[in-house]
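In what follows, chains carry the letters A, B, and so on, assigned in the order in which the sequence lines appear, proteins first and then strands, with residues in each chain numbered from 1.
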Amino acid sequence: MIPEPGKALAELAGKLALDVLPEVGSTYGMANAGLISLLMGALAEDFERAIANRFADIAELRDLFAQASAAPGATERAEFAASEPASLKLADVCTWHDEGMALLIELHRWAEQTDTAVDGEIWQFLYRHTERNCFAD
Amino acid sequence: MTPALTDLGNRLATYLSRVWEEPLVLSDIEQIPGGASRETYRVQLARGAEQAPRGVILRRDPVTSLIDTERALEFKTYEAVHRCGFPVPEPLLLEEDPAVLDRPFSLMAEITGCETATTNFAISPFAEVRDKLGELKWSLLGRLAAMDIEELGVHEFMPVPEHPAARELEYWSGVIRADALQPQPVAEAAIRWLEKRLPEPSGQLCLVHGDYRSGNFLYNAAGEIPAILDWEMAHIGDPLEDLAWSFDPLWAWPDKVLAGGLLQRKAAMAIWQRASNMEVDADAFRWWQVFASLKGLAIWISSTEDFAHGESKEPILAVAGWLMTDRHNRIVVDRLNPASRHQYSEPLQ
């Protein structure tokens, strides 16, 4: 087994872009090979960080939810904050993360009307969340 | 030509020979990349030894696409704008019977010697005509905004909205909520922002292209724009909608200075105002700028759903799901975060 699959995937993306793509006969084929190479590069980036990033998001969500204990839905948020994913497989971690994000949407809706400080914290969280998960330009 | 392409081209030639009452033989066919809403092919048809081959562009419904659109409406739009002398490929034929080429299709006249790639704007010989292309791009958009919808005749086959902003927001919010595979906290925040600040109808209605951006027009090294393409999202609406869409940072990514990779936004807006004879209302324009980024997100979210659950596994749909969604999420946060550092977009004016 290759110990660094993300790195291997990135190298294969490079191989596709630099060696295979120029050999493809049609413009359509070249364009698709380019897109698949681009996607493989993005997946390579996400491969290593996906679980860590979702845990980082959830650590921040727990702090945010603790700050907003006065907002409606506190019980659901507290239950979520105390929960763990069903397993450490990416699909299970994503399901768990989705539950937290759904609760965040409701909290944000409330904060916009009621609590400027929490609203600002949520926007800062969303900034860090998008930066953490962004792909290289 | 692959066997599948040759078969498609031969079937088209046989069909056109009958419809146009002229013997036509396939001489070449190639699929054009980037046709995300329709499968697009360049077809050369031989017409006998004495005559030059006829070039046509075949646009066939895909199995699934980035944008779910009405082909008849798109074709009628091409006919309407072409009739008024607006630069578009000449629409030749719409065939909705799937028996002919498996799925409905339309045909346009081929325009040769042109490019669409936005990456060319930074390199010779196109960099030398970048300003000229920018001037033309926003002049044409201003001209479109100024065209009377009744003179164009588009009101006969498109709904005329009472409140264009409300109608567009309702439609694209609906797309996000129907197609999202995961909670979308950034899109939901943008929807609430837009709902709270809905601008009153400006009273100015025009034909909105719906995807007026660099990449959707043909240009050449002489700095000409012979045709505006991809009218599948055209509708009657507010003139600011296309202007704001054309300014979205995604279309020049990662450059945030030049709108569409061509001109400074201020210069582009002045050109548009001159050509349309309209003044831009700053508050309304700010709303349409945020809306543009939300609409982008909606398209990518919908494409992701298509890729995950649909029959088509076109790479462009997956690129939308990862890379485009990521960029538009960053743009929306950048626009709306009260503590934004404006890394990706200019501050809303």
Quiz item: Using a cut-off of under 4.5 Å for heavy-atom pairs, which of T2(B), L323(B), V186(B), D334(B) has the most such pairs with chain A?
Solution: L323(B)

Self-check item: Structural part of S26(A) lying under 4.5 Å from a heavy atom of chain B
Solution: neither

Quiz item: What part of Q31(B) lies closer than 4.5 angstrom to a heavy atom of chain A: side chain, backbone, both or neither?
Solution: both

Quiz prompt | Geometric class of the F121(B)/Y219(B) ring pair [parallel <30°, tilted 30-60°, perpendicular >60°] | solution = tilted

Quiz item: Who among T130(A), L43(A), L104(A), D137(A) has the most heavy-atom pairs with chain B under 4.5 Å?
Solution: D137(A)

Quiz prompt | Under 3.5 Å side-chain donor-acceptor pair for W96(A) and S83(A) | solution = yes

Quiz item: Do you know which of S340(B), A189(B), P254(B) has the most heavy-atom pairs under 4.5 Å to chain A?
Solution: A189(B)

Quiz item: F247(B) ring centre to R286(B) NZ or CZ under 6.0 Å, with the angle to the axis within 45°?
Solution: no

Quiz prompt | Lys/Arg-Asp/Glu bridge criterion (N-O < 4.0 Å) met for E84(A), R62(A) | solution = yes

Practice problem: Tell me, for Q184(B) versus chain A, whether the close heavy atoms (under 4.5 Å) come from the side chain, the backbone, both or neither. | Solution: backbone

Practice problem: Give, as side chain, backbone, both or neither, the part of Y344(B) having an atom under 4.5 angstrom from any heavy atom of chain A. | Solution: side chain

Quiz prompt | Side chain, backbone, both or neither of Q113(A) within contact of chain B (heavy atoms, under 4.5 Å) | solution = side chain

Practice problem: Check the side chains of E39(B) and Y28(A) for a donor-acceptor pair under 3.5 angstrom, ignoring hydrogens and angles. | Solution: no

Quiz item: So which of R341(B), E188(B), R327(B), E30(B) has the largest heavy-atom pair count under 4.5 angstrom toward chain A?
Solution: R341(B)

Exercise. Tell me whether the centres of the aromatic rings in W300(B) and F307(B) are closer together than 6.0 Å.
Key: no

Quiz item: Between A102(A) and chain B, which part of the residue has a heavy atom less than 4.5 Å away: side chain, backbone, both or neither?
Solution: both

Quiz item: Do the side-chain N and O atoms of H328(B) and D248(B) include a donor-acceptor pair separated by under 3.5 angstrom?
Solution: yes

